[in-house]
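Report on one structure; see the data block that follows.
Below, each value reflects all heavy atoms present in this structure, side chains not excepted, and no hydrogens, waters or symmetry copies.
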Amino acid sequence: MLGKTHIGGGIVTSLLLCGGDVVSMVYVVFGSILPDIDHPGSMIGKNTPIFPKLLKHRGFTHSILFCILMFLINFWVGIGCVVHIIMDMMTRQGVELFYPNHSKIRFPMAEYVVTDGKFEKVLFYLCYLFIAYLLYIRLV
């Protein structure tokens, strides 16, 4: 998934779980892009060029082990990482969820889903429509 879709998933999750606490929301959204620190073309990887050189994409930073580490550092960042990993499990590439075991884990329907493909575009728009809805019902 692309960064903008992960951010959308992070915002939806934070609106549902954080009860309007802006600081917690920022942590969730940050956590929703953090696992891609291992990709040189990602929003966060571009700004931390050492990590993509050290880490294999969708390896350690897309694992349960990484999520546990993030939960120990900050609960909300951990939540964001979980959201990110679930979204990447919706794609054909899958993730090394049980790292250091290198088997890729993905949802069964993910065989047909590619990054920046039709499914992701629909998911992206659904996330942002849902964000608009959640913000609207908070204002009314």
Side-chain angles (χ1 to χ4, degrees):
M1 301 261 164
L2 298 175
K4 63 184 182 180
T5 309
H6 284 301
I7 289 172
I11 293 170
V12 167
T13 303
S14 66
L15 286 170
L16 292 171
L17 297 180
C18 296
D21 177 17
V22 175
V23 174
S24 297
M25 293 172 76
V26 169
Y27 281 125
V28 172
V29 173
F30 173 72
S32 75
I33 62 168
L34 181 61
D36 277 344
I37 198 167
D38 62 4
H39 189 283
S42 71
M43 293 177 171
I44 195 164
K46 288 178 190 175
N47 296 302
T48 55
I50 188 71
F51 290 105
K53 292 176 183 169
L54 296 174
L55 301 167
K56 179 182 160 226
H57 184 51
R58 294 192 180 198
F60 170 67
T61 62
H62 288 68
S63 70
I64 291 173
L65 188 59
F66 183 74
C67 286
I68 291 169
L69 180 62
M70 291 303 105
F71 273 110
L72 292 172
I73 293 170
N74 181 285
F75 176 80
W76 296 112
V77 172
I79 293 288
C81 289
V82 169
V83 170
H84 179 106
I85 291 167
I86 289 170
M87 292 176 82
D88 276 356
M89 287 173 61
M90 292 181 199
T91 66
R92 174 183 305 170
Q93 297 91 338
V95 299
E96 291 181 11
L97 189 62
F98 301 108
Y99 180 92
N101 179 320
H102 298 291
S103 299
K104 294 283 188 161
I105 306 298
R106 64 181 185 199
F107 293 117
M109 60 78 172
E111 181 178 337
Y112 308 103
V113 178
V114 294
T115 299
D116 203 23
K118 291 178 185 177
F119 176 84
E120 181 172 355
K121 285 176 174 49
V122 169
L123 181 62
F124 169 81
Y125 289 113
L126 287 174
C127 280
Y128 286 91
L129 282 171
F130 196 54
I131 291 165
Y133 170 74
L134 290 171
L135 291 174
Y136 172 77
I137 61 171
R138 285 178 187 247
L139 294 174
V140 175

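Val122 forms part of a hydrophobic cluster together with Leu126, judged by ILVMFWY side-chain heavy-atom separations under 4.5 Å. Residue Tyr112 shares its hydrophobic cluster (ILVMFWY side chains chained together at separations under 4.5 Å) with no other residue.
Under the 3.5 Å distance criterion, the side-chain polar atoms of His39 are left unmatched by any main-chain donor or acceptor of Ile37. A distance-only check finds no donor-acceptor pair linking the side chain of Ser24 to the backbone of Cys18 [under 3.5 Å]. Lys121 contributes a side-chain N or O that, together with a main-chain N or O of Asp116, makes up a donor-acceptor pair within less than 3.5 Å. Judged by distance alone, the side chain of Thr48 and the main-chain N or O of Ile44 form a donor-acceptor pair under 3.5 Å. A donor-acceptor distance shorter than 3.5 angstrom exists from the side chain of Arg58 to the backbone of Gly94, with no hydrogens or angles considered. In this structure, the side chain of Ser32 engages the main chain of His6 through a donor-acceptor pair within 3.5 Å.
Ring geometry for Phe130 versus Tyr133: interplanar angle under 30°, hence parallel rather than tilted (30 to 60°).
Counting heavy atoms from C-beta on, the side chains of Asp38 and Phe51 never come closer than 4.5 Å. Residues Leu17 and Val28 fail the side-chain proximity criterion, which asks for heavy atoms closer than 4.5 Å. Contact of the Asp36 side chain with the Asp88 side chain is registered, since non-hydrogen atoms from C-beta on lie closer than 4.5 Å. Val23 is not listed as a side-chain neighbour of Trp76, based on a closest heavy-atom distance of 4.5 Å or more. In this structure, the side chains of Arg92 and Arg106 come closer than 4.5 Å at one or more pairs of heavy atoms.
Counted by atom type alone, His62 and His84 present one or more donor-acceptor pairs between their side chains at under 3.5 Å.
Taken to the nearest 0.5 Å, the CZ atom of Phe107 stands 10.0 Å off from the OG1 atom of Thr91. Taken from CZ in Phe119 to OG1 in Thr5, the straight-line distance is 10.0 Å, to the nearest 0.5 Å.
In plain terms, the two heavy atoms of Ile7 and Tyr128 that are nearest each other are CG2-OH, 3.7 Å.
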